[in-house]
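Residue numbers begin at 1 in each chain, while the letters A, B, ... track the order of the sequences. What you are looking at is a predicted structure, and each value in this text was computed from that prediction instead of being measured.
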2 protein chains.
Amino acid sequence: MNAAGRFARYLSTNRLKMTRTRRAILEEILAIRGHFTADDLLAHFRRRGRDVAPATLYRTLARLVEAGLVHRIDMAKGQARYEPMFGRHHHDHMICVSCGKIIEFENRTIERIQADVCRRKRFTLVEHTHQLRGHCAQCSQNGTPAARPRGAS
Amino acid sequence: MNAAGRFARYLSTNRLKMTRTRRAILEEILAIRGHFTADDLLAHFRRRGRDVAPATLYRTLARLVEAGLVHRIDMAKGQARYEPMFGRHHHDHMICVSCGKIIEFENRTIERIQADVCRRKRFTLVEHTHQLRGHCAQCSQNGTPAARPRGAS
DNA sequence: CTATCTGCAAATTCTTTGCGGTCTG
DNA sequence: CAGACCGCAAAGAATTTGCAGATAG
């Protein structure tokens with residue numbers, strides 16, 4: 001089923017409604033096809049005259065996340081990012097602290113070890129965050145000041 | 001060198017001052033010897049009559065992090081946590097979403113693969129966050145409602 | 001003595017909530 | 001046509017910043 005269909009199903013299952021605004025938000029996200037912030041979306045709407053209230057957008061994003069159609073990436077600092085998850089599977093992120101670019105990565109071995117670690121501690125994993133922050137190839141090259149590695153969690 | 005000494009060295013190197021308040025904050029952290037929030041520290045001080053302004057605490061924590069003596073754990077939601085790093089080496093965290101408990105874990109293989117991933121993408125790693133959120137052994141057992149695993153990043 | 005600190009209060013940032021009118025199923 | 005939504009404005013949480021007097025080197 002496509003994204004709109006899946007959202008519709010999620011909504012009806014939960015006795016929620018498919019409104020014009022919700023449809024518009026989902027379409028905009030489908031059009032972006034990449035990482036975005038709540039503000040990005042608001043700006044898109046503002047630019048084309050359609051005004052969506054921040055409150056409404058946040059409420060809808062929360063529903064899309066619940067429905068499993070969108071994934072929220074909590075940044076250490078500043079706004080959260082979102083990304084569509086239609087038919088995609090799990091991956092993690094490298095975030096360039098110079099230019100903000102997000103590079104996705106996926107590693108089966110890490111996921112497996114992670115599961116092992118949880119099993120060993122009898123920890124029931126619900127979700128995880130694995131972000132690598134640093135400088136992307138371009139920024140490292142363009143003499144971005146100080147790319148000194150350091151440990152962190 | 002001990003923590004106080006290291007902090008003193010960091011301060012003087014940067015033409016900063018070792019004040020009474022900074023000393024008190026560092027001592028309090030040494031006494032806690034575990035994970036804490038800015039609010040925890042403020043409460044400790046308030047309880048014993050010594051009043052430290054939030055602004056001052058946050059400024060000092062930032063310095064301690066810069067000095068490498070304290071590590072900041074950014075939580076997806078709510079307040080950041082801090083932990084002393086005196087003579088400890090890197091580790092990551094499992095966070096119980098039921099009781100808030102933080103369990104540390106450390107895995108050389110994951111760290112190594114992570115470094116490989118960065119090398120392959122020519123990404124200069126500065127720091128990383130690897131958090132597993134879920135239910136700890138106790139909370140899973142005590143019938144904490146709904147421990148249904150889901151994917152996330 | 002002078003630059004850095006401290007506490008206070010106000011500002012910020014991102015997100016959430018309360019409310020009165022509107023729309024969907 | 002009842003219950004869910006929308007936009008607006010105001011609230012919220014955690015942290016940061018500006019300022020005037022205090023203090024360390």
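- Taking the six-membered ring where the residue is Trp, B:H93 and B:H91 present perpendicular rings, their angle passing 60° and hence far from 30°.
- With rounding to whole Å, A:D51 atom CG is found 7 Å from D:dG7 atom P.
- Comparing B:Y58 and A:I25 by the nucleotide of DNA chain D whose heavy atom lies nearest to each, the residue mapping closer to the 5' end is A:I25.
- A salt bridge does not link B:R72 to B:E127: none of the charged nitrogens lies less than 4.0 Å from a carboxylate oxygen.
- Regarding B:L57, its CG atom lies at a distance of 15 Å from the P atom of C:dC5, rounded to whole Å.
- By the 6.0 Å contact criterion, CZ on B:R50 is enclosed, its count of non-hydrogen atoms from other residues, nucleotides or ligands being greater than 12.
- The nucleotide whose nearest atom lies closest to any side-chain atom of B:V52 is, among C:dG7, D:dC6, D:dG25, C:dG7.
- Atom P of nucleotide D:dT15 and atom CD of B:Q79 are separated by 6 Å, given to the nearest angstrom.
- Closest to the A:A55 side chain, of the nucleotides C:dG7, D:dC8, C:dA3, is D:dC8.
- Atom-to-atom, OH of A:Y82 to P of C:dC14 comes out at 12 Å; the value is rounded to the nearest Å.
- Residue A:K77 has no polar side-chain atom (N or O) positioned under 4.0 Å from OP1 or OP2 of D:dA14.
- At the phosphate of C:dG7, OP1 or OP2 sits under 4.0 Å from a side-chain N or O atom of B:T56.
- The interatomic distance linking B:R20 (CZ) with D:dT23 (C1') rounds to 9 Å, in whole Å.
- The phosphate of D:dG25 (OP1 or OP2) has no side-chain N or O of B:S12 nearer than 4.0 angstrom.
- Between B:R22 and C:dC5, a side-chain N or O to OP1/OP2 separation shorter than 4.0 Å is present.
- Position along DNA chain C of the nearest nucleotide to B:R15 versus B:A53 favours B:R15 as the more 5'-ward residue.
- In this structure, CG of B:D40 is placed 14 Å from C1' of D:dA14, rounded to the nearest angstrom.
- In this structure the side chain of A:F45 reaches within 4.5 angstrom of the side chain of A:E28, judged on heavy atoms.
- Proximity note for A:R59 (side chain, C-beta onward) versus D:dG7, D:dG25, D:dA4: the nearest is D:dG7.
- Distances shorter than 4.0 Å separate some side-chain N or O of A:R63 from OP1 or OP2 on D:dC5.
- B:H128 pairs with exactly one of A:I95, A:L132, A:D92 by the side chain to side chain contact (heavy atoms under 4.5 Å, CB included) rule, that one being A:L132.
- Here C:dT15 presents its C1' atom at 12 Å from CG of A:D74, a figure rounded to the nearest Å.
- A straight line from CZ of A:R46 to C1' of D:dG7 spans 14 Å, rounded to a whole angstrom.
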